[in-house]
Amino acid sequence: MRPLSIEGAWLHEPKVFPDERGDFHEWFRSGEFSEATGQELHLAQANLSVSRRGALRGVHFADVPPGQAKYIKCVRGAVLDVVVDVRTGSPTFGRWESKRLDDTSHRAVFLSEGLGHGFVALTEEATVVYLCSQGYAPGREHGIHPLDPALGIDWQTDAAPLLSAKDAAAPTLAERERDGSLPSYAQCRAYRARRNHA
């Protein structure tokens with residue numbers, strides 16, 4: 001695993017072993033994960049989504065504490081996966097980074113608590129699995145409009161974006177900052193430090 005440009009996010013690029021039957025790879029090993037990230041992935045929930053081309057999910061984040069760390073992998077088709085730094089006070093606040101996840105490279109993205117996340121399906125159908133450190137809790141989970149012009153995310157698709165009603169009505173990053181609902185960088189770092197030493 002290697003760190004991305006936003007602190008708290010990593011990319012896993014597994015070694016894939018192809019043969020006449022297909023291929024094999026290890027997409028998660030707890031020891032290597034902990035060594036690379038300095039964290040444990042406490043699994044509370046596993047999700048799977050199937051999306052048609054152009055479906056854009058996100059940008060989502062959760063209150064910290066406890067937040068929701070995610071380990072994301074595309075098991076069929078391809079998506080553009082996007083990490084957004086929504087932590088006030090972060091040196092990279094408002095920045096985003098994207099990675100293509102697909103069923104050929106078998107890459108995965110891990111993002112720590114407090115980061116925003118979204119993806120768009122690039123193929124006719126895309127299946128994504130997420131391992132989550134906390135279960136779904138509607139009162140703690142929030143969204144930022146994925147087409148917020150101030151964020152300027154390049155979703156790298158010519159398909160018309162398909163948004164849920166909730167995502168289409170989500171506030172901008174600036175509106176979230178004004179209403180005080182964004183996690184703070186200091187809060188996220190302190191929470192991770194406490195959890196990792198518990």
Side-chain angles (χ1 to χ4, degrees), residues 1-62 67-85 96-136 141 143 146 153-164 167 192 196:
M1 293 187 77
R2 64 179 175 85
L4 298 181
S5 65
I6 295 172
E7 186 264 328
W10 286 265
L11 178 69
H12 175 58
E13 298 177 287
K15 183 170 176 56
V16 180
F17 299 93
D19 63 23
E20 64 278 2
R21 300 166 298 170
D23 62 48
F24 172 86
H25 69 280
E26 296 173 340
W27 73 285
F28 179 78
R29 291 180 60 126
S30 62
E32 290 175 8
F33 176 90
S34 298
E35 186 177 335
T37 66
Q39 301 180 53
E40 299 287 332
L41 179 59
H42 302 284
L43 179 61
Q45 184 171 314
N47 300 333
L48 183 147
S49 68
V50 178
S51 302
R52 57 184 282 199
R53 185 170 176 267
L56 201 171
R57 298 177 184 264
V59 171
H60 302 146
F61 68 95
Q68 189 184 62
K70 296 177 183 174
Y71 191 65
I72 303 118
K73 177 176 169 51
C74 181
V75 296
R76 184 174 61 172
V79 300
L80 185 75
D81 196 79
V82 176
V83 178
V84 183
D85 194 345
W96 56 271
E97 184 169 356
S98 64
K99 293 296 175 188
R100 180 184 169 100
L101 305 182
D102 56 44
D103 57 11
T104 304
S105 68
H106 299 293
R107 301 193 302 180
V109 167
F110 172 70
L111 53 113
S112 300
E113 296 87 351
L115 292 173
H117 175 254
F119 68 85
V120 64
L122 301 176
T123 48
E124 289 309 307
E125 197 170 88
T127 303
V128 173
V129 292
Y130 330 48
L131 305 181
C132 303
S133 65
Q134 293 289 326
Y136 176 65
E141 302 194 17
I153 297 170
D154 178 3
W155 292 101
Q156 298 181 21
T157 179
D158 56 3
L162 304 171
L163 304 180
S164 70
D167 287 344
R192 280 202 333 245
N196 290 335

Can you tell me if [X] uses its side chain to pair, donor with acceptor, with the backbone of [Y] under 3.5 Å?
X	Y	value
Q45	Y136	yes
S34	Q39	yes
E97	S5	yes
T157	G54	no
D81	F119	no
Q134	G67	no

field: E125: partners by side chain to side chain donor-acceptor pair (under 3.5 Å), with sequence neighbours left out
entry: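 With sequence neighbours excluded, E125 shows a side chain to side chain donor-acceptor pair (under 3.5 Å) to R76, given in chain and number order.
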
- prompt: Angle class for the F28/Y71 ring planes (parallel below 30°, perpendicular above 60°, tilted otherwise)?
  reply: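 The rings of F28 and Y71 stand perpendicular, inter-plane angle above 60°.
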
task: Look at the rings of F24 and F17 and say which category their plane angle falls in: under 30° parallel, 30 to 60° tilted, over 60° perpendicular.
output: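 Because their plane-to-plane angle lies in the 30° to 60° range, the rings of F24 and F17 count as tilted.
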
Just verifying a value: how many Å separate [X] [atom1] and [Y] [atom2], rounded to the nearest 0.5 Å?
X	Y	atom1	atom2	answer
S112	E7	OG	CD	7.0 Å
S164	R57	OG	CZ	8.5 Å
D158	L122	CG	CG	9.5 Å
L80	C74	CG	SG	11.0 Å
C132	K70	SG	NZ	6.0 Å
D85	W96	CG	CH2	14.0 Å

field: L131 vs W27 side-chain heavy atoms within contact, under 4.5 Å
entry: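 L131 reaches W27 side chain to side chain.
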
task: Evaluate the side-chain proximity of M1 to E32: yes if any heavy-atom separation is below 4.5 Å, no if none is.
output: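 A side-chain contact under 4.5 Å is absent here.
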
message: Evaluate F61 against V84 for side chain to side chain contact (heavy atoms under 4.5 Å, CB included), listing each step before the verdict.
response: CA-CA 9 Å; F61 68 95; V84 183; over 6 Å; no

- request: Might you work through the side chain to side chain contact (heavy atoms under 4.5 Å, CB included) test for D154 and S98, ending with a clear yes or no?
  value: CA-CA 8 Å; D154 178 3; S98 64; over 6 Å; no

- request: Please say which of H12, H117, R107 ends up in a side chain to side chain contact (heavy atoms under 4.5 Å, CB included) with I72.
  value: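 Output: one option passes, namely H117.
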
query: For L115 and I6, what are the C-alpha separation, side-chain angles and deciding distance, and is it a side chain to side chain contact (heavy atoms under 4.5 Å, CB included)?
result: CA-CA 9 Å; L115 292 173; I6 295 172; 3.8 Å; yes

- prompt: Taking all atoms of both residues into account, what is the closest heavy-atom pair of I153 and P146, and its distance?
  reply: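 In terms of heavy atoms, the two residues are closest at CD1-O, 4.1 Å.
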
message: Minimum heavy-atom separation for P18 and D23, please, with both atom names.
response: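 In this case the closest contact between P18 and D23 is CA-CB, 3.7 Å.
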
query: Would D167 and L56 count as a side chain to side chain contact (heavy atoms under 4.5 Å, CB included) if you check the C-alpha gap in whole Å, the side-chain angles of each, and the deciding distance to 0.1 Å?
result: CA-CA 9 Å; D167 287 344; L56 201 171; over 6 Å; no

